[in-house]
Every structure is written in C-alpha cells, then in structure tokens.
Amino acid sequence: MREMDKAFDFRTAQTRWYEVWEAARAFEAAPDSGKEPWSIVIPPPNITGNLHMGHALVNTLHDVLTRFKRAQGYDALWVPGTDHAGIATQMMVERQLKAEGTDRHKLGRDAFERRIWDWKEKNQGAIEHQLKRLGCSVDWTRNRFTLDPSLNKAVRKVFVESYKAGRIYRGPRMIQWDPALQTALSDLEVKYEERRGKLWYLRYPMSDGHGEVVVATTRPETMLGDTAVAVHPEDARYQHLIGRTVDLPLTGRKIPVVADSFVDPTFGTGCVKVTPAHDPNDFAAGQRLKLDSITILGFDAKMTAAAGAYAGLDRFEARKRVVADLEAQGFLVKVEDYVHKISLSDRSGAVLEPLVSEQWFMDVKEAAAKALAAVQDGRIAFTPEHHAAVWQHWLTNIQDWCISRQLVWGHRIPAWTCAACGGLHVEMEAPSACGACGDKKLIQDPDTLDTWFSSALWPFSVFGWPDETADLKRYYPTSVLITGYDILFFWVARMAMAGLTWMGDVPFRKVYFNSLVRDASGQKMSKTKGNVIDPLEVMEEYGTDALRFALAIMAAPGTDIAMSPARLEASRNFCNKLWNASRFVQMNLDASITLETEPVFGEAEYWLIGRLRDELGAITDALEAFRFHDAADRLYHLVYDDFCATYIELAKVQLQSGTQAQKAAILHFLDILLRALHPFVPFLTEEIHEDVMAERLPAGEPTLLALRSWPIGEWILRARGGDAALIPRFQEVLSAFLRLKAEQGVDPAKRVAAFCSLLELEPFAEALKAIARLESVTFTSADLASPTRAVAVVAGGAVALELAGLKDPAAEKAKLEKELAKLEKELEPLRARLADDSFVTKAPEAAVAKLRGQAEEREQRLAQVKALLG
RNA sequence: GGGCGUAUAACUCAGCGGUAGAGUGCUACCUUCACACGGUAGAAGUCCCAGGUUCGAAUCCUGGUACGCCCA
C-alpha cells in the first residue's frame, strides 16, 4: 500500500492512466457482452485542428456521459474520428506551398493531393493525442477518418443513388463564388456584414429620346451586364415606361423596361437595373421574364470580354472606371452614402461574387420534411428545446444544396464525361467505356464534394454502411449527439436528413447543444483579441481533471461558459481536497480493513448515507437530463461539505480509537464518492483508487475504477437508521460555539468550558470539544444565562461559553437585543401569512406546514432569547 | 424586417411559483495531528423596469429597456 503525497501530482497521474486504460481495453465496445448498447459518435475534429476550449468542453461532456453509461452497465461505445475538412486543410497546405514559393497549379493535382495526404498523416496524430490527454474514453479500434475508403463508398452510394432518383442534378445556377479560394460555396458558408458604401444613381435615357429613367445601385460596374430595367407593376409613377426601351450607357445596347413585383418601390427611385448574371434576385427575375444574361465578370473576379473596353480589369478597379466614365458622359445623377450588407466567404473572408456556374446540387426538400417531422413528433429531442424553433424555420425554407467544390481535397464526384460524345455517367466505379458511344476516353469530374456531404453520413458510415455490419445493426441509431448549436444546419440537420433517408431512422434520439466557451468577462475567444485560453496549457497548469470539472460545473444548458483562472483554481482546489480526504482515509485505515470488512453505523454514518442516497439519485437524474453543472455542483458540495467538513470531522474520534467495523464505514463512503466522481475527474479518481482501494476490493471486482459500476445500487445506500435531524443540530451548535469565540475575541486555541441545552447532542461531546477546541461541554437543561457567560440561541435551545473576566456584559446584552429584533422582524411576515385565511385555506398543506414549522422554530428562539435577557 | 436568448451579491454564474444561492473577490481571525490548493466567522442583492395572474412571483403572462446570437 503506497503512501500518498501531500498534494495531488496531476502531472504524473494524467499521463499515466490513459495507457493503462487502453492496455486493459477498457473503452472498447463489447458487442457480445449481452449488455444493452449505448452509443455516441464524436463530432469529428478537423485534422487541421488543435484542441481548443470548444473541443475540450464537447469532449469532456461526451466522456462524462460515456463513462457514466459504461458504469451504469451499458455496452457504451464512443466512436472517435477526424474530418478531412476540405477547404480548411487545403488552405493550410496551400499556404505552406506559397511559403515555399510554389503553388498547387505548378505542383499539379496529383502531387498536390499527395502532399495533403502526407500532411494529414503527420498531423492527424496531434488531435488524437490531445483527445487522449483529455481522457476521452473512445474506442480507438473503431477510429474513422471521413476520407477512409469505406466512408468514400458510402459517399459514392449516396451520390449515385440520389442522382438516379433525380435528387442530385447538375446545372447552371447562380451560386456564391469565392474568388480567393476559386470555388463555389453553399449558402451556409456565406457571412453577411454591414459595410459603409455608396449608392450611385444612374441615368438611362429612353431609346425614343423622350425622357429617362434613373436607377440606384450599389454595384455600378455591373451595369455593363444589365439586360433590363424593372419597376414594380403597381408603381403609378412608372406605368408609362413599361414596355419601352432605354439606351444602356457605355454599351449602346437597348434594354427593355419591365414590370416585376420583386422591385421594392421604396428603394432608390423605385426603378432598378436588372443584371441576371450577377445578382441572385436579378437572376430569378431574369428566369421569370426570360431576359438575356450577360456575364461581364469572370471567376477570377476580373471583367470579361463582354465588358468591352473594361475587359481584364479587376472588379473594384472596373467600378472606379465605370463610375468615372458615366460621370464624364453625364449619366451619373448623384452619389449617396449608403450602408449595405455584403456577402463574405466564411472561409477566406473574400467578398463573394454571385455568379452563374455549372455546379452539382442536391434537392433536399423531401429529406427536410422528414427531419422536421422527427423533431416535431419527438423522435429527436433537443436540449435546450428552443433550438427546435430555428430548426423548423430553416427546414421549411430550405433551398437546394450546392454540393460541388472546385477543390482537390475531398471526396471526388463520381461522374464521368465521355470525351467523344459528351455523355454523362454517374456510377459507383469508373466506367470502362461510354455507355452511349462506346468510347473509352472518359474524364472524371474534377470537383470534390462539400465536406459536410460526408459529415452528414457520419452516424452510419462510421459503422460500415452501406455494408450491413453487425456494428451498424447494434449501434445505430446512436443514443445522443452532443455538439455546438453553431453547426445546427451544417451538420445536425444534414445528419438527420441523411439518416432518415438512407437508414430510415433518426441518427440520434437526443441532441444536446453544448454552450460556447468564452473568456472570464464573457467575451468570445479570438486570436485577434488575444484572450484565447489554451486547454493544453490549462492541463499543464491546473491539471486535466481540474479543466474537466470546471467545464462540467459551468455547463448549464443554454447559457455560455465564462472560463476564468478563478474557476480553474477552484476546480484544482477541489481535486486537491478530494485527494487529501482520500489520503486521510488511507492514513487511518490499516491494510486489514477492506471493502469486505462489515461496517457498523452510528448517527453520523446514517446521516451521510442518507445524503449520499439523496444526492446520487439527484446526480443520476441530472446526468440523464444533461444537467452536467447540476451533477458536478452536487458532487462538489457532497465532497466539501458533507464528506470533508462534516463526516470526516465527526469520524476522527472513532478513526483513532474505534473498532475495525467502525473504521470500515468511511472506506465504503470514499469508494462510492470515487465511483460517482470518476466520469468527471477520471485521472484523479483512478489514481486515488489505486492507492486506497485497489488492494481492498472484493474478489472479482475490477481493479480499474474505469471499469467499476455506478454506485447508486450499492447495498450500503439502502441502510437506514439514526435520527437524521441530529447532525444538522450538531452543526448548528458547533457553529454557535465557534461564532461565540470569534465574537468574544477568544483565541480559537484557548480552551474554555461550554454549555449546551440540547441534551440529545451529548453523544457528540467529544467531537464538539475537539473541533471547537473546548475544555469541556456540559449538557444541562438548567438556565444558561450568567454574568460570566456568552450565550447564543440555537434551534431548540441555547449554548454558552464560560468566559469569566473576558466578557463585556453590555455588548452581550446588545447582541441579544439585536437578535431579538431580527427574530421579530423575520416573524412579522410569517405570522401575518399564517393569520391570512386565504393562504391557510388555498395554499397546499405542505407549504403551510413548512411555514408553520419556520414560524415555530423562530418563536422558540424568540422565547429563548427573551429568557436569556431575563 | 423576422426569430431566439440573456438581464440575480463587486465579478462570473446557478436557482425558475413557497420568500435568495455557489465559485471567486472582500473583512477579521487561525499554520488545530488530511489538505494554507486549508479552516472559522463575517459583510455584501428594490433578483432590469412597469403592469397582470396568484393566497403567494426572482420564478408564470403582457408590454418596455439594454445586451448578445441566428435568419432574411
């Protein structure tokens, strides 16, 4: 049996145990165990990633739940994995290339792709190592990567079958183009930002020479691609213009004036220019009204040949030139300052360009309806529930999803075009020859799929789908999903849609949306603000267990977490407290006392058993309901207040001189606490378990705490006896003695004689003497008041200290009078309410009884104070 | 423009129909034989504002104010 250090050495413990757990295969699923399965899949971190606070939180919560469920006796499986993160990863490697003075085009596609794979092989281990550092009890034998061949097979199957069912199609559509990354994006990858800009008013003369129209625009350069001017059909001001044509300045083209209700009559002049090739609204209007579409801006964000004299200019340069020319030729009416929203790439930050482009799209309306229904009818339950409202709104207004990306890094689109006849083939495997013309030269679509396409399949692709594996049957649907609400649409909704479509069932039964981790003052962490707290540094400084516990105790559903050094310190101190309490137990029990030593219980034991029973019930309920903070908070107080402050102090006497049976009780209590705390602070508890419990376990009990059961069913918790009210009374009396000493300025170490009128506390005399450091405690029903004593009122009686010569009688009297006034003030509303008929008759009996109890207790004190005052 | 969330002690947050709590900080004291990463005692709050429901509201409802987020 080892001697424990004075302080918990977390640095050693948190690096040691993970290997032991892995070697024991403690976290591997046990499909053949006959246990009920419980499963969860990790939100796969990007391979580019470093563990940040968001990861630390989400994975801590995963681990708490998984360890809890494992302990409860489930076949708990947490599937780990990483995401290839198309854009993010490619950007990172491209940046490296740039630093080396080359780029992906010079390298060529194949070499570039190999380069990213190399990078991935080198870096994937980092994030996995960090998950281990955090203690995540994942099943590494089932580790997945979103580009694994089996996951690729799933992707191809979904693509091909969706295509054949008509839900995936290719076509020219207006998409958001990122000129910096040179790829299309989906609507979700667009961020809108308010910018101060200008509103230019342009004059377009009527072709017949009679009059003009003035249009307002924030993007004057696009006028080169105008193919109409539009007014609202009911706008009385412009009825006479409809059907006529105007001469488009700088180009000499004649374009019609059309009517369409998309025009906002209150914007600008109420006349708008229509550029179907470069604006989403105009594109839709162009389709409706069958207008021409002229592309004057290319994918490189430079003007095209169609822009005539402006061809080759950058879009922002072209704007300056067009405005200057319009002004010179008298077509510029005025310029106003104007604040408008611009769309930016969520990835590169570049100003996006709405462009018509040939891309692949997925029609998700049918799947969206299924996902919507699943939440409405409760097959998927959200915590917090309010996210369901956002879910509903988004899914009912969902647009087709642009799934193709002009990137190298990702799942290649399984579509081939025949070089000879142009025939399109969408197949699982590369066709050997064109089905139409027989030509053997087939060119695969160069594009890859949106990263989220493979993420959507994650809850079943990780289990081997489309193969009908045993894992798939056993672990799908997963039990719970834990993730951030920021990816509700990106990921959660798409998994729901994919699961319902391909598996015919929800991918998870419950979703818990974790909080956002912010800094100490509630600010979002960001590198630019410099307020990022790095979990790896925290683990070094405060310990992994402290980090986990701090995150858990702050993880109240629906509110953000303000992470601060103060919180981390509190958690570290908590860990140390548990360590020292355990050390105390270890020091006081010789090796012959084990968990098989039959314990006997006294008042203190029955009281603590009652506390453990109540709290473990509440903790279990809290974990089932994702109230991690509630569970952690209860454990915190159970350890500090009940176990350490109260029980250990009371047990000290018997630990020194008691019987083996008396001493055995505390071992059981510590054992229960360790098992309950293990999901939150696994390294600390495993370390203590080894030091204190490992050699005292009953035969057949797992020697690793990670494998032991959730303690709620422990036989000891069913023991009942004693008077539950005694301990709180003892605490109050003890506190009163200490307060009297402090009030009277008595040195805490000076032993004085004490008196107590609560005769039932006599069994606690030794404890009171030891803790309050008293010379003696006399239990008596006689009047305690005396000129040489300081007295205090407690529930049901009074206590006193003998202070001959030390005491100021006037101050003592003033104190009691103050107490009297306070009690009168407290009693006033209580008496009033109890005298109130409507309260007594209408309020529930329990509420009245409780109030009556409170009133009686105070009346008693009042009487006691009066008696002491004489 | 629509939707959602949050306003509680100096700070960060729990509580969400029975009369206010935690952590940190603050004040005073204590190195008592598990722990100073400790202990004891204490100070500190018109629970954003205004109405309403109720025997009773920090808690439920309505309206307002402030801040944050999401969608257009």
Side-chain angles (χ1 to χ4, degrees), chain A residues 4-8 10 187-188 190-192 264 341 384-394 397 485-486 488-489 515-516 518-524 542-543 546 550 553-588 627 629-630 632-634 636-637 640-641 643-645 648-649 652 655-656 734-751 770-773 826 829-830 832-834 836-844 846-851 854:
Chain A
M4 295 167 72
D5 296 334
K6 196 169 173 182
F8 171 49
F10 58 81
D187 299 338
L188 281 177
V190 181
K191 289 286 160 249
Y192 296 91
D264 173 7
K341 293 266 178 77
E385 287 173 12
H386 68 252
H387 288 289
V390 189
W391 178 267
Q392 170 158 5
H393 181 261
W394 190 71
N397 294 291
Y485 55 78
D486 51 330
L488 180 67
F489 307 138
S515 314
L516 234 58
R518 297 167 176 276
D519 76 359
S521 55
Q523 297 290 306
K524 210 167 176 171
Y542 298 94
I553 205 165
M554 290 189 282
T559 49
D560 290 343
I561 290 175
M563 178 53 66
S564 65
R567 280 291 189 170
L568 290 164
E569 265 175 44
S571 285
R572 180 203 54 192
N573 295 353
F574 170 74
C575 291
N576 194 55
K577 187 75 178 175
L578 180 69
W579 174 261
N580 273 291
S582 307
R583 179 167 163 254
F584 176 78
V585 171
Q586 170 77 318
M587 285 163 59
N588 281 283
R627 285 184 286 110
H629 70 298
D630 191 6
D633 187 65
R634 285 172 186 279
Y636 180 93
H637 290 289
Y640 259 103
D641 302 342
F643 188 62
C644 293
I648 286 186
E649 292 306 326
K652 275 181 177 169
L655 282 170
Q656 273 159 19
L734 172 63
S735 189
F737 283 138
L738 290 165
R739 194 171 55 246
L740 281 175
K741 271 188 151 180
E743 274 170 8
Q744 297 295 330
V746 179
D747 183 335
K750 184 175 165 61
R751 295 193 176 267
I771 303 169
R773 281 187 285 174
E826 281 176 3
L830 292 174
R833 289 186 60 200
L834 286 168
D836 181 358
D837 251 8
S838 57
F839 171 69
V840 178
T841 51
K842 289 187 183 176
V848 180
K850 190 178 167 195
L851 207 69
Q854 286 173 350

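The structure displayed is predicted, hence computed values, not measured ones. Protein chains get the first letters and strands the later ones, always in sequence-line order, with residue 1 at the start of each.
Summarising the geometry, the separation between CG on A:Asp633 and C1' on B:G23 is reported as 9 Å, rounded to the nearest angstrom.
Mapped onto RNA chain B by nearest heavy atom, A:Pro844 and A:Ala389 fall at different nucleotides, with A:Ala389 at the one closer to the 5' end.
Nucleic acid contact class of A:Lys6 (heavy atoms, under 4.0 Å, all strands): sugar-phosphate only. Across all strands, A:Glu826 comes closer than 4.0 Å to no nucleic acid atom at all (heavy-atom distances). A:Tyr640 comes within 4.0 angstrom of sugar-phosphate atoms only, judged by non-hydrogen atoms across all strands, and of no base. Backbone-only contact: A:Arg739 has heavy atoms under 4.0 Å from sugar-phosphate atoms and none from a base. Residue contacts shown for A:Arg773 include a base, since a base heavy atom lies under 4.0 Å away. Counting any heavy atom pair closer than 4.0 Å across all strands shown, A:Tyr636 reaches sugar-phosphate atoms only and no base atom. Using a 4.0 Å heavy-atom criterion, one finds that A:Lys577 contacts the bases of the nucleic acid, with or without backbone contacts as well. Looking at heavy-atom distances under 4.0 Å, A:Ala562 makes contact with sugar-phosphate atoms alone, never a base. Residue A:His637 is in sugar-phosphate contact alone, with no base atom involved, counting any heavy-atom pair closer than 4.0 Å across all strands shown. The residue A:Cys575 sits apart from the nucleic acid: no heavy atom pair falls under 4.0 Å. Across all strands shown, A:Ala570 has heavy atoms under 4.0 Å from sugar-phosphate atoms exclusively, and none from any base.
Between A:Lys741 and B:C30 there is no side-chain polar atom (N or O) within less than 4.0 angstrom of OP1 or OP2. At the phosphate of B:G15, OP1 or OP2 sits under 4.0 Å from a side-chain N or O atom of A:His629. For the OP1/OP2 pair of B:A41 and a distance below 4.0 Å, the side-chain nitrogens and oxygens of A:Ser735 include at least one atom meeting the criterion. Under 4.0 angstrom from either OP1 or OP2 of B:A34 there lies no side-chain N or O belonging to A:Asn588.
Across all strands shown, B:C11 is found opposite B:G23 as a Watson-Crick or G-U wobble partner, with both distances under 3.5 Å. Under the Watson-Crick and G-U wobble criteria, each requiring two contacts below 3.5 Å, nucleotide B:A44 is left unpaired. Base pairing of B:C55: its partner is B:G18, meeting the Watson-Crick or G-U wobble criterion (both donor-acceptor distances under 3.5 Å). Taking a pair to require two hydrogen-bonding distances under 3.5 Å in either a Watson-Crick or a G-U wobble arrangement, B:C4 pairs with B:G68. B:U62 is paired with B:A50 under the Watson-Crick or G-U wobble criterion, all donor-acceptor distances under 3.5 Å.
One C1' atom belongs to B:A57, the other to B:A36, and the distance between them is 43 Å to the nearest Å.
Cation-pi contact between A:Lys577 and A:Tyr636: absent, since separation from the ring centre below 6.0 Å together with deviation from the ring axis within 45° is not met.
Using modelled atom types and a 3.5 Å distance limit, the side chains of A:His629 and A:Asp633 yield no donor-acceptor pair.
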